[in-house]
Amino acid sequence: MKKKLAKILEDTLDLCLKEGYLRQMPLPEFVIEIPNNPDHGNFATNLAMTLAKGQKNSPQNIAEIIIQHLVDHDHFILKAEIGGAGFINFFVATEQWYDLLSQIITLRDDYGRNSLGKGEKIMVEFVSANPTGPLHLGHGRGAALGDSLCRILDFSGYDVSREFYINDGGQQINILGESIYSRWRQISDPSYPFPEDGYQGDYIHELALEIAKETKLENLDIHDAIDLLTELGKDKMLNEIKKDLANFRVNFDLWYKESDLYSSGKIDRAIKLIEKRDLLFEKDGALWIRTSSFGDDKDRVIRKKDGEFTYFATDVSYHFDKWKRGFRKVINIWGADHHGYVNRVKAALMAEGIPDGWLDVLLIQLVKLWQGGAEVKMSKRSGRYVPLRELVDDVGVDAVRFVFLSKDHTSPLDFDIDLVKRKDSENPVYYVQYAHARICSIFRKAAKENIQLPEHPGSILQRLVLDEEIALIRKMAEFPSLVKEIACALEPHRLTYYLTELAGSFHRYYNRHRVISDDKNLSQARLFLSLGVKILIKNGLSLLGVSAPEKM
RNA sequence: GCGCCUGUAGCUCAGCUGGAUAGAGCAGCGGACUUCUAAUCCGCAGGUCGGGGGUUCGAGUCCCUCCAGGCGCGCCA
């Protein structure tokens, strides 16, 4: 609908310039927005204000001229008024709202779908947790954000890939093996030493017990035992992670192993390319990449004195591989503690000749945990943290996802376990889901009373005359442009607020008016209205990966 | 010391990328179920948008500066 209005305004400007109602000037940018205050119409534009300077005339006079010459062949606009500061407020003809509701009912699950992405290949890499321990809440926040983003990008016409990068090499993995080994030895000898930087969590002990049951460790010498435990532990941890994510409704298209980068020679290839571009140098026996030429604070080591590649080297070649695979855009979701790393990876990619802006890194801020009114300090070292699985088992996938997604990822999230564990109105997800369940209940009642709906609403909708009814349709009309904005800005949290508002409007309406009454046509009209809300809530929740229950 | 993020109602957070009188939920107080689901609704109260400058028709939003909190500044991964 915004588009229609934009067209009308453009045509009007053309006319005014051609006929000399306005002086010639470069056309300024203007916006069409949906005012908060219903008195200000369905749409408003700042057009007259932006023209004022160039026209050497007051916004009010210009607005007057525009309103008088509106090019509106379809009678889209019911009325146009001049607002306080020079805004032009438009009231849309009621028929337009009925048409929109009909459209929603025809399109169903596809209402709001758009072609912003034009089928471009885009990748979102997220979670990418080390297979050295179970997923915790921070991973959960990343999983919810990444997955929801993928759903929205897919809905917006992108060809989306979800990818999980497995850090299955390096020191941390060896420590995992050593930790398990030590716990296994401690079964028979409690005084056996535990590695200083070993993983403390109980799961290590459980892994040791499990593996000991399946495998004869006694026959192996210490090195072989640790090697074996490293392999088995890593695989088992990864399986746990996969299980947790599937349970959280997150499924990846590709699980990419760091170790494959070595075996496939991709690291060498990526480094050669940088060398060709003359951006490598040796110093102190190590190999460096000149990232400082591309906005990094300093140059970075890519191969250590001992001949081993750094983690940075594998990451650079991994991203180079993403580029080679033809993704037009890549989004990474990282914990905020990695922010120091962003610039150097971007710089290295530019050193590979990849354009600036190809990689977008979203940093998720910390999840702070509260329980019993006090902060629960988390640390990997002490093994004290709340596993994602525990929370999901307690309150369900829907509530956890919704809470994670209801805040902008740039702000730290305070997560009160007591609060979210309560399965009452405290939890905003129920508010939205309840609206959906309520509407389903209305339809059950309608079926019982044998009220049937024609396939297309047609003129029945003209029975919707209440302000609240039109306001509900207006709210539904916002959805498509909201989806686009979210896809551009990568901000799914806005959807949770939209859904809460929509549900709220419906709850209020429901409490004040009966959908089903003796008046058959009115009942049908209101059932169509409710159907529209139901479609919107279901579509919106599915973009968040949250279910829309028929009963609660 | 340098860099990134944050600071909005008692608490947790929105604020549509610069627009009109800054909004929700929770907590507090007072109301609404013989009705399609009360996990709901209605009303009251609650604010120097961290402080100070600047940019312009117009700033919670952009710039500068200061203050406070979080995170990061490895030839670790």
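Chain letters run A, B, ... following the sequence lines, proteins first, then strands; residues in each count from 1.
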Write out a two-atom table: protein N or O, nucleotide N or O from nucleotides 3-5 of chain B, distance below 3.5 Å.
residue	atom	partner	partner atom	Å
G3(B)	N2	His339(A)	NE2	2.2
C5(B)	O2'	Gln365(A)	NE2	3.4
C5(B)	O2'	Thr410(A)	O	2.5

For nucleotides 55-59 of chain B, give me every protein contact, N/O to N/O, under 3.5 Å, one pair per line with atom names.
residue	atom	partner	partner atom	Å
C57(B)	OP1	Lys53(A)	NZ	3.2

Checking Lys322(A) against Glu125(A) for the salt bridge (charged side-chain N to carboxylate O under 4.0 Å, His left out) test, could you report, in this order, the C-alpha distance in whole Å, the side-chain angles of both residues, the deciding distance, and whether it holds?
CA-CA 10 Å; Lys322(A) 290 182 182 177; Glu125(A) 183 218 320; 2.8 Å; yes
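Among the protein residues, Arg300(A) comes within range of no part of the nucleic acid, since none of its heavy atoms lies under 4.0 Å from any strand. Residue contacts for Asn89(A): at a heavy-atom cut-off of 4.0 Å it reaches a base atom on one of the strands shown. Using a 4.0 Å heavy-atom cutoff across all strands shown, Lys2(A) reaches no nucleic acid atom at all. Nucleic acid contact class of Lys304(A) (heavy atoms, under 4.0 Å, all strands): base. Nucleic acid contact for Ala446(A): none, since no nucleic acid atom lies under 4.0 Å from a heavy atom of the residue. The residue His513(A) sits close to a base: some heavy atom pair falls under 4.0 Å. Counting non-hydrogen atoms under 4.0 angstrom, Arg508(A) reaches the backbone sugars and phosphates but no base.
Here G7(B) presents its P atom at 16 Å from CG of Leu366(A), a figure rounded to the nearest Å.
A parallel orientation is assigned to the rings of Tyr318(A) and Tyr165(A), their planes being inclined by less than 30° (bins at 30° and 60°).
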